[in-house]
Protein chains: 2
Amino acid sequence: MRRPLIRKLEKFTRLSHADKDMLLRIAAQRVRRFAAREDIIHEGEKPEFINLISEGWACRYKTLEDGRRQIIAFFLPGDLCDLNVFVLKEMDHSIGAITPVVVSEISRTAFDEMMIGHPRITQALWWESLVAAAIQREWTVNLGQRDALERMAHLLCELFIRLEAAGCTSNSSCEFPLTQTELGETLGMSTVHVNRTLQELRASNLIVLRDRTLTIPNLQALQDVALFNPNYLHLDREGRHLDANEE
Amino acid sequence: MRRPLIRKLEKFTRLSHADKDMLLRIAAQRVRRFAAREDIIHEGEKPEFINLISEGWACRYKTLEDGRRQIIAFFLPGDLCDLNVFVLKEMDHSIGAITPVVVSEISRTAFDEMMIGHPRITQALWWESLVAAAIQREWTVNLGQRDALERMAHLLCELFIRLEAAGCTSNSSCEFPLTQTELGETLGMSTVHVNRTLQELRASNLIVLRDRTLTIPNLQALQDVALFNPNYLHLDREGRHLDANEE
DNA sequence: AATGGACGTTAACATAGGTAAGGTCATTGC
DNA sequence: GCAATGACCTTACCTATGTTAACGTCCATT
């Protein structure tokens, strides 16, 4: 097992054996599987669990009355849905599987237990949720200011770096299950223009994308095209905040 | 004093006198004033406090290397910056005043104290931060899927309803200090097109905007143009989650 | 009263990106 | 084997929005 969550959290802080055991135990408690394209939670439902994506890709999305769909976020292996979601009465959006997905449901009690007994995990989870918020903000910038080519390049950089943090890349390649339609729904552009844009990135040798595999031969070059600044992912380990709970 | 934070939190839950006193006391501890256009926090700084906007409007924003600026969020009276911000090493964006602004700085200790002694407040603050996240998601939808007219209408609906929750409206009017440039930086469009779009909304009698005052004669009509669904603001009091901490 | 800046407005023109339509290729089911 | 489907790709055409450049108004400053 690749344990993407642990792998990712360790980008931020060191976890003890007890911490890691706890995380593994919680992730094993209630496991559910979903087929590709299936909804994990529907808009309007009352959330009962925090969902942890253990395997596969999922997304948040919202659909307007007239059918337009916007993908709001991607969940990659090791990603969690909102920690505090219990506070809300109902979901204002849906979460759907992109590939076949394995999800661990974390109950409120299990979560509270963990918060009390494992301050290191708690802090790491807050970090992870702040990073998720930072990503959402960066998407706002992406949609508001960047043109199609920059936007696409930016998304690819972000996904690649996040996959790397979860241990889901090898060299300069990763699995890339998104269809051009989904890319369009993410970046606010038509599939036709997604296609044009991908062609352009291919022609400049910035990406190789074939058979659901993405290769980025020169990440820095792609970042330059995208005006990509990775600071919002807060991945530098120095960022951790050492406090009295230090073991 | 209008106490916009208390007013807003009471949209979600009932607060005891002790709760309200606590909030007032914390808000009075460290007060700072900023001039219009002044930065409250710069990208790159280490955040030391949670900022509460007591009076005036502020915004989060990010600037790309080449100067393009995107406003990522607005802070209206009663709004808080990220609760958990202490966890991060440095700000990945800036916060700037739009109007002259009064800010209460909340220290980590004050915040922790409050979390321990006032579970009702704690819960209400988590609610407020989940709503902020929901707003950010809705902005993603706005920028990704809606055209200029819908986008503008949507923003105006959201701001008006949020101001209402903070007690900053009278009838169908509110102060509206944003310049057309700032609207453009928010909605990802040129100032010229902002102007065209506002003209169009005026011509349809959907808004009156003059002398920094916005009037929305028929909010429902504006919502219809915007495909605006207020559920993401989670303002219905029934939404509160009553748990063992009930007093 | 003159100057300058911030903001709003308008017009003429340019273009990024949308729409519609249709084609290829692989996969699946009958 | 053939129809149906879904992903991808392409072309031709069209439009929403950007760009540039004027110009007007209102204030604050001198």
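Numbered from 1 within each chain, the chains take letters A, B, ... in sequence-line order.
- Shown here for G78(B) and P4(B), the closest heavy-atom pair between the two residues is N-CG, 3.6 Å.
- With no hydrogens or angles considered, no side-chain donor-acceptor pair links N142(A) and E138(A) at under 3.5 Å.
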Could you run down the sub-3.5 Å N/O contacts of the protein with nucleotides 4-7 of chain C?
{"from": "dC7(C)", "atom 1": "OP1", "to": "R37(B)", "atom 2": "NH1", "distance (Å)": "3.3"}
{"from": "dC7(C)", "atom 1": "OP1", "to": "R37(B)", "atom 2": "NH2", "distance (Å)": "2.9"}
{"from": "dC7(C)", "atom 1": "O3'", "to": "R212(B)", "atom 2": "NH2", "distance (Å)": "3.3"}

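- T213(B) and S173(B) share no donor-acceptor pair across their side chains, judged by distance under 3.5 Å alone.
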Practice item. Using the salt bridge (charged side-chain N to carboxylate O under 4.0 Å, His left out) rule, take D66(A) and R146(B) through it: C-alpha gap first, then chi angles, then the decisive distance, then the call. Key: CA-CA 11 Å; D66(A) 63 5; R146(B) 285 187 257 257; over 6 Å; no

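- Among residues two or more places apart in sequence or in another chain, the ring-ring contact (aromatic ring centres under 6.0 Å, His included) test is passed with Y232(A) by H154(A), F228(A).
- Side-chain atoms of E90(A) and N231(B) form no donor-acceptor pair, as typed in the model, at a separation below 3.5 Å.
- Annotation: the terminal axes of the helix from dA1(C)-dT30(D) to dC30(C)-dG1(D) meet at 40°, where each axis is the rotation carrying the C1' atoms of four end pairs onto the next four (5 pairs per end, rounded to 10°).
- If you check the side chains of T140(A) and Q136(B), you find a donor sitting under 3.5 Å from an acceptor.
- Here E164(B) contributes atom CD and N171(B) contributes atom CG; the two are 10.0 Å apart, rounded to the nearest 0.5 Å.
- When DNA chain D is scanned 5' to 3' for any atom under 4.0 Å from a heavy atom of chain A, the first and last hits are dA7(D) to dA12(D).
- Taking every heavy atom of residues 187-202 of chain A and every atom of DNA chain D, pairs under 4.0 Å involve V192(A), N195(A), R196(A), Q199(A), R202(A), by number.
- Of the charged side-chain nitrogens involved, none lies within less than 4.0 Å of a carboxylate oxygen, so that E38(A) and R32(A) do not count as a salt-bridged pair.
- Enclosure of atom CD in E175(B) is not indicated, since only 12 or fewer non-hydrogen atoms of other residues, nucleotides or ligands lie within 6.0 angstrom.
- Checking D224(B) against Q220(B) by side-chain atom types alone, a donor-acceptor pair falls below 3.5 Å.
- The number of heavy atoms from other shown groups lying within 6.0 Å of CZ (R202(A)) is above 12.
- The closest donor-acceptor contact from the side chain of E150(B) to the backbone of D147(B) lies under 3.5 Å.
- Judged by the 6.0 Å distance and 45° axis criteria, R69(A) is positioned over the aromatic ring of Y61(A).
- Within residues 137-151 of chain A, the residues approached by DNA chain C to less than 4.0 Å at the level of any non-hydrogen atom are D147(A), A148(A), in residue-number order.
- Salt-bridge formation is not detected for the pair E185(B)/R68(B): no Lys NZ or Arg NE/NH1/NH2 atom is positioned less than 4.0 Å from an Asp or Glu carboxylate oxygen.
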